[in-house]
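The structure under discussion appears below in the form of structure tokens.
Numbers restart at 1 for each chain; the letters A, B, ... are given by sequence-line order, proteins then strands. What's counted below: heavy atoms across the whole structure, side chains too, no hydrogens, waters or symmetry copies. This structure is a prediction, so every number in the text was calculated from the model and none was measured.
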There are 2 protein chains.
Amino acid sequence: MSPASVKKRISESTIHRLSLYYRTLSLLEKENYETVSSKELAKREKLTPAQVRKDLSFFGSFGTRGLGYNVNELKKKIETILGINREWRVALIGVGNIGSALVSYKEFAKQGFDIVKLFDNDQRKIGSNHKGIIVSDIKNLEKEIQEANISMVILAVPATVAQYIVDDVVKAGVTAILNFAPINLRVPPYVHLRNENMAMELEYLSFAMVNNHSPKKTK
Amino acid sequence: MSPASVKKRISESTIHRLSLYYRTLSLLEKENYETVSSKELAKREKLTPAQVRKDLSFFGSFGTRGLGYNVNELKKKIETILGINREWRVALIGVGNIGSALVSYKEFAKQGFDIVKLFDNDQRKIGSNHKGIIVSDIKNLEKEIQEANISMVILAVPATVAQYIVDDVVKAGVTAILNFAPINLRVPPYVHLRNENMAMELEYLSFAMVNNHSPKKTK
DNA sequence: TACTTCTTGTGAACCATTTCACATGGCTTC
DNA sequence: GAAGCCATGTGAAATGGTTCACAAGAAGTA
Ligand SMILES: NC(=O)c1ccc[n+]([C@@H]2O[C@H](COP(=O)([O-])OP(=O)(O)OC[C@H]3O[C@@H](n4cnc5c(N)ncnc54)[C@H](O)[C@@H]3O)[C@@H](O)[C@H]2O)c1
Ligand SMILES: NC(=O)c1ccc[n+]([C@@H]2O[C@H](COP(=O)([O-])OP(=O)(O)OC[C@H]3O[C@@H](n4cnc5c(N)ncnc54)[C@H](O)[C@@H]3O)[C@@H](O)[C@H]2O)c1
């Protein structure tokens, strides 16, 4: 048993798998499963039961020997671990092709990621209404981010301007950024940055095809 | 020296890093760099020089001792390794929010990923024109995929129908799929499947914020 | 209560990836 | 053409992640 207070380095893979478990547990809940074993969970994710148990064991012991895990209980535990048992106030910057798609996506809000602010620099877009949110002028970024109590930013602007905007976003006090621009952004060490890079996934597929690379897992 | 013919298990991380090197080499080329050292490349990717050299060494020896790598030459080598020195004919299924964004994205074509077919089942979308491509009826999927010589599919349909469509796509002979639906798809072992899951990245950020998790690298 | 069955939680073993460290060899200068 | 410099390429060591294997606990049965 390792309580949450004990600092241990949790690997990126473990966190990603927790996301997968979470999604599957939501499904199992809908299918009215009461309990689930590491074996069953593993089967659904194409992992080993030991992997599932080890992942969970980093955060505590949530199961019952001989029985498995209570679906609803484990789901709530993972929500707490991932920090999605709360609202995250998110701003989206760059209401273009990909930005608009993301605003329309309702699943984010269901998981606690509430897009409450939109920013752009295009006069035709500023003031327009997207899913009930009025697009703000990027000029007011710092002020409005602070007023709206934003803690995460989704960045969907052209790569050429991404670094400038990130600098402003960091100045405004935001410490978590999901970036869609295909560029290496510089941020201070205390800022959490993730890059979403679709071209990279296509390139991986291309490599796999050319080399007949048998994949072990799908990310 | 390990020639391309020698089969060796290359890790997913290595392939992803090759994508990063590729992007940086393209930039360096524009900045008129003639050569680049593993040190410089590593600095730009926030990796170690040894990591860069080891990654490349799996595929051959492309550098010159004392000098570094020729930028243009290495870029071409990586293009060959990744299999992006050719055209991939891609079909996109589901011309909704995210699908439309992807069709408009010109960078894919620049890297050899040519979206040449669109499919949907919505009568209002079938027959409409997106960036010069007429949306086809999903009913004709198999026939049109084969006629158009498609080898990759981008799937941007609701999770509820994704498995049915994947089954048809596989039947049509496609062996590479990039899936945006948040669901575990079943495919035969010879089909390459990658999942793009944005919620997972937000959840990672959430975890990192809550746990003050210092990231080592950004994916 | 004793016995069987089932599945967790976890050190230890195993395997993969990253980093180290240095011999090697090309390039330049004198 | 010898010497010095520099950065590659790569075995070996170190680190990190996954799987094994089993003790132990919970539930059901008799
Ligand atoms: N569209 C895709 O499918 C796709 C796929 C992968 C990556 N991306 C990346 O995502 C980013 C956005 O792509 P897109 O296709 O949505 O582009 P887009 O041009 O449609 O949208 C960019 C938006 O950013 C806004 N913008 C530009 N400069 C700005 C500034 N200084 N401040 C505020 N807003 C500004 C523009 O007005 C526009 O609304 C790009 O970096 C692109 O490379 C897009
Ligand atoms: N929009 C986003 O930002 C976003 C983010 C992450 C993941 N996703 C995922 O991407 C997928 C698409 O999302 P979206 O927001 O673009 O949804 P959407 O509803 O806008 O688009 C889905 C498209 O698929 C088409 N479709 C539905 N059933 C079909 C069928 N049987 N055959 C062919 N076409 C069919 C619809 O007509 C529609 O055009 C979903 O699985 C969603 O969960 C979307």
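The side chain of B:Tyr69 contributes no N or O atom lying less than 4.0 Å from OP1 or OP2 of C:dG26. OP1 or OP2 of C:dT18 sits under 4.0 Å from a side-chain N or O of B:Arg17. Here A:Ser37 does not reach the OP1 or OP2 of C:dT7: none of its side-chain N or O atoms lies under 4.0 Å away.
The salt bridge (Lys or Arg N to Asp or Glu O under 4.0 Å) analysis of residues 169-183 of chain B, with sequence neighbours excluded, yields the pairs B:Asp168-B:Lys171.
Under the 30°/60° scheme for interplanar angles, the aromatic rings of A:His16 and B:Tyr204 are found to be tilted.
The distance from atom CG of B:Leu41 to atom P of D:dG9 is 12 Å, rounded to the nearest whole Å. Between the P atom of C:dG11 and the CZ atom of A:Arg53 lies a distance of 14 Å, rounded to the nearest Å. Distance B:Ile15 CD1 to C:dT17 C1': 14 Å, rounded to the nearest Å. One can place CG of B:Asn70 at 15 Å from C1' of D:dA7, the figure rounded to the nearest angstrom. Distance, B:Leu47 CG to C:dT17 C1': 13 Å, rounded to whole Å. Rounded to whole Å, atom P of C:dC15 lies 16 Å from atom CD of A:Gln51. Counting to the nearest Å, the P atom of D:dT19 and the NZ atom of A:Lys46 are 15 Å from each other. At whole-Å resolution of the value, CZ in A:Phe58 and C1' in D:dT19 are 12 Å apart.
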Could you list the donor-acceptor pairs under 3.5 angstrom formed between side-chain atoms of residues 110-120 of chain B and any protein atom two or more places apart in sequence or on another chain?
residue	atom	partner	partner atom	Å
B:Lys110	NZ	B:Glu107	OE2	3.2
B:Lys117	NZ	B:Glu144	OE1	2.7
B:Asp120	OD1	B:Asp122	N	3.0
B:Asp120	OD2	B:Val95	N	2.8

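A:Tyr22 pairs by the ring pair (Phe, Tyr, Trp, His ring centres under 6.0 Å) definition with nothing, not counting sequence neighbours. Legend: residues meeting ring pair (Phe, Tyr, Trp, His ring centres under 6.0 Å) with A:Phe108, ordered by chain and number and at least two apart, are A:Tyr105. Contacts of B:Glu142 classified as salt bridge (Lys or Arg N to Asp or Glu O under 4.0 Å), with partners at least two apart in sequence or in another chain: none.
Within 4.0 Å (heavy atoms only), A:Ser38 reaches sugar-phosphate atoms of the nucleic acid but no base atom. Residue-level contact check: A:Lys54 touches the bases, meaning some heavy atom is under 4.0 Å from a base atom.
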**Study point:** Protein proximity profile, nucleotides 23-30 of chain D - base contact B, sugar-phosphate-only contact S, no contact -, cut-off 4.0 Å on heavy atoms
**Key:** BBBS----

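Across all their heavy atoms, B:Ile183 and B:Asn195 have their closest contact at O-OD1, 4.2 Å.
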